Amino acid sequence: MTRDLHEKLGSMEYEKLFAGMEPKALTHPATVRKLGSAATLKRGTLLAKSSGTGGDGKLVIFGTSAGTNETLTADCVLCDDLDVGTSTDENALVYISGNFNEAALIMASGASLTEADRDALRERGIILGTVQNP
C-alpha cells in the first residue's frame, strides 16, 4: 500500500509544562496525603510539603489550607497523573528540580504563588519561567 506524501499522518500538541532545559529535571519518590474526597491529581500539579509540629512530612496540593500547627511549603511538581483516594496515602514520583512553565502548574482553586513561594521552590531547584506559543 502506498501513501501520498501530502497526507496528514498525525498531530502533536505541546504540553508546555517545561520552560527550559536547565536546571535538569530530576525526579524523586514521595508520599501524597490522602484526600477528603477521591480525585485524580494531574501531571504538573504543584505540591506543598507538610511540616511543623502538626505536620506529617507528606505532600498536598499547593493552596490546601494548613491544619493546626502545620506549615505548608511549596516543594515539588507531580510527574504523572495520580489517583488519590480517601483511605490511604499514595506513593508518587515528583520533580524535585527543573525549569517549569508557571502558567502550566496546577494548584488548588484560588491559590496563587507569592514571592516567598517562588523563593522556596528556587531553593529546592525548581525555577519558574514562561513558554512562548509555538
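Keep in mind it's a predicted model, so treat the numbers as computed, not measured.
- Separation of atoms OG1 (T73) and CG (D119) is listed at 12.0 Å; rounding is to 0.5 Å.
- Closest approach of A111 and G63 over heavy atoms only: CB-CA, 3.7 Å.
- Residues T45 and V77 are not in side-chain contact: their nearest non-hydrogen atoms beyond the backbone lie 4.5 Å or more apart.
- Distance OG/S65 to CG/L72: 8.5 Å, rounded to 0.5 Å.
- Pairing each heavy atom of A120 with each of A74, the nearest pair is CB-O, 4.0 Å.
- Listed here is the closest heavy atom pair of G85 and A38: CA-CB, 4.1 Å.
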Audit row: T40, D83, side chain to side chain donor-acceptor pair (under 3.5 Å) steps and yes/no: CA-CA 4 Å; T40 299; D83 293 324; 2.5 Å; yes
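- Looking only at side-chain heavy atoms (C-beta outward), L59 and V94 come within less than 4.5 Å of each other.
- One side chain, R33 or S50, offers a donor N or O that lies under 3.5 Å from an acceptor on the other.
- One hydrophobic cluster, built from ILVMFWY side chains closer than 4.5 Å, cannot hold both I96 and I126; they sit in different ones.
- Proximity of L17 to F100: side-chain heavy atoms (C-beta onward) are separated by under 4.5 Å at one or more points.
- Looking at residues two or more places apart in sequence or on another chain, you find no salt bridge (Lys or Arg N to Asp or Glu O under 4.0 Å) involving K34.
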What verdict does the side-chain contact (heavy atoms from CB on, under 4.5 Å) test give for V60 and V32, after you've listed the backbone C-alpha separation in whole Å, the side-chain angles of each residue and the deciding distance to 0.1 Å? CA-CA 6 Å; V60 297; V32 176; over 6 Å; no
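- Rounding to the nearest 0.5 Å gives a distance of 12.5 Å between SG of C76 and CG of L26.
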Working for salt bridge (Lys or Arg N to Asp or Glu O under 4.0 Å), residues D81 and K42: CA-CA 4 Å; D81 292 356; K42 296 292 186 184; 3.7 Å; yes
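- Contact check for L47 versus L78: side-chain heavy atoms found under the 4.5 Å cut-off.
- Rounding to the nearest 0.5 Å gives a distance of 11.5 Å between SG of C79 and NE2 of H28.
- Judged purely by atom type and a 3.5 angstrom limit, N101 has no side-chain atom pairing as donor or acceptor with the backbone of F18.
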Could you give me the CA-CA distance, side-chain angles and deciding distance for D75 and F62, then say whether side-chain contact (heavy atoms from CB on, under 4.5 Å) is met? CA-CA 9 Å; D75 189 75; F62 179 83; over 6 Å; no
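- Donor-acceptor pairing under 3.5 Å is lacking for the side chains of R124 and Y95.
- Between T53 atom OG1 and E70 atom CD the span is 9.5 Å, to the nearest 0.5 Å.
- Atoms NZ and CG, on K24 and N99 in that order, are 15.0 Å from each other to the nearest 0.5 Å.
- For the pair L128/R118, a side-chain contact is recorded, criterion being any heavy-atom separation below 4.5 Å from C-beta on.
- At least one side-chain heavy atom of L113 sits less than 4.5 Å from a side-chain heavy atom of L46.
- Side-chain contact between I127 and P23 is present, with heavy atoms from C-beta onward closer than 4.5 Å.
- E102 has its side chain out of reach of T130: every pair of non-hydrogen atoms, C-beta onward, lies at least 4.5 Å apart.
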